[in-house]
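Read through the structure below, which is laid out as structure tokens, and then see the notes.
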2 protein chains.
Amino acid sequence: MRLTTKGRYAVTAMLDLAFHSDVKPVTLTDIAARQTISLSYLEQLFSRLRRANMVKGIRGPGGGYTLADTADKINIADIIAAVDEPIDATKCGGEANCQKDQSCLTHELWMGLSDQIRDYLKGITLAQLLEKHHVQTVAKRQDQEAEQVIEIHRHTELLASMNE
Amino acid sequence: MRLTTKGRYAVTAMLDLAFHSDVKPVTLTDIAARQTISLSYLEQLFSRLRRANMVKGIRGPGGGYTLADTADKINIADIIAAVDEPIDATKCGGEANCQKDQSCLTHELWMGLSDQIRDYLKGITLAQLLEKHHVQTVAKRQDQEAEQVIEIHRHTELLASMNE
DNA sequence: TTAAAGTTGACTATTTTGCTGGGTTAAGTA
DNA sequence: TACTTAACCCAGCAAAATAGTCAACTTTAA
């Protein structure tokens with residue numbers, strides 16, 4: 001279990017999704033605007049999230065992403081695991097330096113600790129995070145911000161189409 | 001609080017140190033041999049650990065490193081914090097993208113989670129890890145292995161000196 | 001004094017991050 | 001049917017982090 005900015009992005013995006021996907025699918029473009037994450041990077045992350053069956057992609061107009069399950073059944077550990085490479089057998093597995101399994105056992109020590117953190121994060125769901133008060137206030141604020149951005153975007157598009 | 005291989009190396013090395021430093025200071029060379037971590041990388045890590053007052057360096061022959069405090073007073077969170085860069089103000093702090101503090105509040109959500117993990121790891125000490133049975137068995141096995149390596153090392157040195 | 005050990009800094013290679021930009025494909029809508 | 005909107009899928013790239021190398025220097029026990 002690693003904890004990096006990549007995982008943070010994924011959790012943030014999933015939380016945004018959980019907050020907005022009740023009514024209709026949410027486009028990555030919207031999430032990108034609200035959370036100021038690049039669209040292409042979001043695509044990469046959601047590609048993994050989709051393959052891990054955390055979200056469902058719906059194509060075409062009116063499409064977007066929805067959670068594959070209810071928010072109370074999606075935990076943080078699974079989100080992070082979905083976007084992170086498994087650290088698979090870093091030096092072990094093969095013969096490499098590790099003579100037989102000796103050095104690998106050292107890793108197991110860390111893994112034990114790592115497992116405990118994983119268990120801890122498994123106990124936290126998106127639903128629990130949504131309940132937090134400040135998450136709601138921030139999300140609402142971001143909605144308002146994003147509307148302005150989309151407004152400007154539409155305006156720009158309009159001007160562009162007039163110049164053609 | 002990030003969790004990467006860097007932090008894992010540091011925790012592993014500190015645990016090795018805690019296990020061996022009762023009698024006399026432990027050299028990085030020994031830790032490197034036992035834990036198969038490159039000596040130079042260990043030097044970098046211990047440079048930070050020393051500046052964070054986690055360990056004491058003792059120079060000269062018979063020198064090495066010892067814990068700066070007893071094993072029951074050194075927790076995992078502090079070890080990781082010592083070797084990791086603080087993620088200081090990634091995008092926030094300055095004006096950058098974050099309009100005023102809006103986006104920064106999103107980070108606070110994650111930081112809350114991050115703080116909880118930190119608190120959790122603060123509750124785990126080196127002494128607690130040492131008590132675990134399999135840690136002791138592995139450590140002993142590594143001692144035996146390392147002796148063989150040192151044996152071979154001495155043998156090679158001897159041959160080298162004979163060729164001069 | 002001298003050699004063993006720690007200490008420091010600069011430098012390199014590799015991997016991971018985060019991102020850009022180019023497409024293709026599926027599904028609604030005019 | 002044509003067009004649009006979105007997901008999906010690549011290939012590559014720059015910056016950062018990771019992991020390690022090398023060389024010089026300092027301290028101190030023997």
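These numbers were taken from a predicted model, which means no experiment stands behind them. Every chain is numbered from 1 and lettered A, B, ... according to where its sequence line falls, protein lines coming before strand lines.
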Calculate the interatomic distance between [X] atom [atom1] and [N] atom [atom2]; express it in whole Å.
{"X": "A:Y65", "N": "D:dC8", "atom1": "OH", "atom2": "C1'", "answer": "7 Å"}
{"X": "A:R51", "N": "D:dA7", "atom1": "CZ", "atom2": "P", "answer": "15 Å"}
{"X": "B:L45", "N": "D:dA17", "atom1": "CG", "atom2": "P", "answer": "15 Å"}
{"X": "B:K24", "N": "D:dT28", "atom1": "NZ", "atom2": "P", "answer": "19 Å"}
{"X": "B:L42", "N": "C:dT8", "atom1": "CG", "atom2": "C1'", "answer": "16 Å"}
{"X": "A:L3", "N": "C:dT17", "atom1": "CG", "atom2": "P", "answer": "12 Å"}
{"X": "A:L39", "N": "C:dG23", "atom1": "CG", "atom2": "P", "answer": "17 Å"}
{"X": "B:Q44", "N": "C:dT8", "atom1": "CD", "atom2": "P", "answer": "13 Å"}

CD1-CD distance between B:I74 and B:Q128, expressed to the nearest 0.5 angstrom =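 B:I74 atom CD1 to B:Q128 atom CD measures 12.5 Å (nearest 0.5 Å).
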With a non-hydrogen cut-off below 4.0 angstrom, is B:F46 in contact with a base, only sugar-phosphate, or nothing?
->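 It contacts nothing in the nucleic acid.
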Check every strand shown and say whether B:S40 touches a base, only sugar-phosphate, or nothing at a heavy-atom separation below 4.0 Å.
->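 If one applies the 4.0 Å heavy-atom cut-off, B:S40 turns out to touch a base.
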Contact under 4.0 Å: B:T4 side-chain N or O vs D:dT18 OP1/OP2 |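 So the side chain of B:T4 is within the cut-off, an N or O lying under 4.0 Å from OP1 or OP2 of D:dT18.
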Please check the phosphate of D:dA6 (OP1 and OP2 only) for any side-chain N or O of A:T29 closer than 4.0 Å.
->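 A:T29 to D:dA6 OP1/OP2: no side-chain N or O under 4.0 Å.
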Side-chain donor-acceptor pair under 3.5 Å between B:R51 and B:S47, yes or no?
->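 B:S47 and B:R51 do have a side-chain donor-acceptor pair below 3.5 Å.
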Pick from A:I79, A:V83, A:L17: which one makes a side-chain contact (heavy atoms from CB on, under 4.5 Å) with A:M54?
->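 Of A:I79, A:V83, A:L17, side-chain contact (heavy atoms from CB on, under 4.5 Å) with A:M54 is met by A:I79 alone.
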Does any donor-acceptor pair link the side chain of A:R59 with the base of C:dT25 at a separation under 3.5 Å?
->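 Per atom types, the contact qualifies.
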Any idea which of [options] is nearest the [X] side chain?
{"X": "A:S38", "options": "C:dT20, C:dA5, D:dT28", "answer": "C:dT20"}
{"X": "A:R2", "options": "D:dT5, D:dC8, C:dT16", "answer": "C:dT16"}
{"X": "B:S47", "options": "C:dT8, D:dA7, C:dT7", "answer": "C:dT8"}

Between B:K6 and A:E43, just flag the one whose closest nucleotide in DNA chain D comes earlier from the 5' side.
->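 Its nearest nucleotide being more 5', the pick is A:E43.
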A:G60 or A:K56, whichever maps to the more 5' nucleotide of DNA chain D =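 By nearest-heavy-atom nucleotide position, the 5'-most residue is A:G60.
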Considering heavy-atom distances to DNA chain C, does B:G57 or A:Y41 have its closest nucleotide positioned more toward the 5' end?
->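 By nearest-heavy-atom nucleotide position, the 5'-most residue is B:G57.
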Any idea which heavy atoms bring A:D16 and A:Q35 closest together, and the distance?
->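 Nearest heavy atoms, A:D16 then A:Q35: OD2-NE2, 2.6 Å.
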If you draw a 6.0 Å radius around NZ in A:K24, do more than 12 non-hydrogen atoms from other residues or ligands fall strictly inside?
->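 No.
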